[in-house]
Amino acid sequence: MSGFRQELISKKYNLIKACSGNGLCCFRNILGCEFWIWFLKGADAMRLRRSICAFLPMACMLFSGVTCEAARAQDTLTVGSDFGVAPWVIRGPNGPEGFGIDLINMVARKMGYRSVDVEDINFSGLFPALFSSRINIMVNPLNITQDRSERLLFSEPIFATGNGFIVLKGQKISGLADLRGKVLAVNRGTLSDTWATVNHDRYGFSVQRYETFPDSVLAVMTGRAFTALNEIPTTVYAASRNPLIEVGYKDFDGRNFGYAFRKDDVELRNRTEMAIECLKQEGALGRLYTKWYGAPPSKDNPLMTIYPGFGPPGFSGYDPAPHSVQCH
């Protein structure tokens with residue numbers, strides 16, 4: 001039971017309870033019977049403890065063959081993100097770092113996990129990774145949309161966004177009409193790609209698609225494209241780090257980022273959202289934004305707003321049932 005907090009809870013049966021940080025417990029007795037369950041708190045925990053001690057032989061029969069290895073796996077939260085979206089996730093000298101990495105580590109600690117495994121997956125591969133259970137949460141800066149909410153379960157909004165247009169330093173875009181006759185670069189499969197596909201005829205531009213955001217920015221710097229489209233926070237950060245480019249135009253449209261889960265993972269979504277709400281309430285997300293984006297968020301920013309119910313209001317999967325924020 002390495003890595004678990006151990007406690008002798010019955011001398012009569014030599015019953016040892018060993019719990020991970022997220023409330024998952026193993027029990028082992030003198031006969032070597034080993035099993036794991038979610039351990040409840042308060043009065044329920046006392047009843048459960050007495051029940052285990054009283055009916056240990058039956059418990060061993062019911063849980064025979066189930067070991068603590070399964071419980072240990074629950075001690076690590078496995079998530080996925082595209083590492084090419086600065087400053088959300090960037091490749092640092094000691095591994096991934098950025099706003100998104102700090103955020104999911106803070107959320108996981110609030111949930112009781114000891115560690116987070118963040119897998120580097122291109123945006124187009126994140127959806128198959130989630131649906132196949134390779135990862136448990138998509139923690140990429142993912143737009144909450146009605147269409148996606150039919151296939152995914154979203155957390156409440158975390159981050160406000162919109163369309164940001166990267167151009168060479170000194171060039172400007174006064175409005176979307178200025179895109180006529182120009183080449184626009186996007187990341188394949190993103191909402192920026194969707195926006196470009198829907199609007200290229202209306203505004204008269206052509207589209208080039210790339211696998212990563214840095215590749216689309218490079219297309220602008222080398223003259224293959226006039227502008228690179230991405231989320232406003234991403235483009236602002238990129239321009240702050242590269243003197244050759246700037247954000248030529250920002251189109252705030254009320255969109256928000258949220259974490260995404262499998263449709264049937266309601267319990268994980270709700271636990272994750274509770275942790276997010278605690279961090280919002282404590283002001284931790286506002287401080288994290290200031291660290292990575294250089295200025296505090298506005299008071300009406302989703303980073304500072306706790307939403308009623310679970311999930312994004314107005315989208316599929318939203319649960320309006322009220323709950324109180326419980327922080328640990």
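Counting from 1, the numbers follow the sequence of the chain as shown.
- Using the six-membered ring where Trp is involved, His200 and Phe205 have ring planes that are perpendicular, over 60° apart on the 30 and 60° scheme.
- When Ile166, Val167, Asp178 are each tested for a side chain to side chain contact (heavy atoms under 4.5 Å, CB included) with Phe226, only one passes: Val167.
- Checked against side-chain contact (heavy atoms from CB on, under 4.5 Å), Asp300 has the following partners two or more places apart in sequence or in another chain: Ser298.
- Below 30°, between 30° and 60°, or above 60°: for Tyr249 and Phe165 the angle between ring planes is between 30° and 60°, a tilted geometry.
- Under a 4.0 Å N-O distance rule, the pair Lys291/Asp102 qualifies as a salt bridge.
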Side chain to side chain donor-acceptor pair (under 3.5 Å) between Lys263 and Ser149: does it pass, once the steps are laid out?
CA-CA 9 Å; Lys263 264 291 189 181; Ser149 73; 5.9 Å; no
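- By the side-chain contact (heavy atoms from CB on, under 4.5 Å) test, Arg224 pairs with Gln208, Tyr210, Leu218, Ala219, Thr222, sequence neighbours left out.
- Atom CZ of Arg202 has 12 or fewer heavy atoms from other residues, nucleotides or ligands within 6.0 Å.
- Other residues sharing the hydrophobic cluster of Ile121, ordered by chain and number and joined by side-chain separations under 4.5 Å: Phe123, Leu126, Phe127, Leu130, Phe131, Ile135, Met138, Leu142, Ile144, Leu152, Phe154, Phe315.
- Taking the six-membered ring for Trp and the full ring otherwise, the centers of Trp292 and Tyr237 sit at least 6.0 Å from each other.
- Pairs of residues two or more places apart, or lying in two chains, never qualify as side-chain hydrogen bond (donor to acceptor under 3.5 Å, both in side chains) while including a residue from residues 122-131.
- With sequence neighbours excluded, no residue forms a side-chain hydrogen bond (donor to acceptor under 3.5 Å, both in side chains) with Asn256.
- Checked by atom type, the side-chain pair Thr76/Ser115 shows a donor-acceptor distance below 3.5 Å.
- There is no side-chain donor-acceptor pair under 3.5 Å between Glu231 and Thr234.
- For residues 267-328, the pairs satisfying disulfide (SG to SG under 2.5 Å) are Cys278-Cys327, with sequence neighbours left out.
- Taking the six-membered ring where tryptophan is involved, the planes of Tyr289 and Phe159 are tilted, since the angle between them lies from 30° to 60°.
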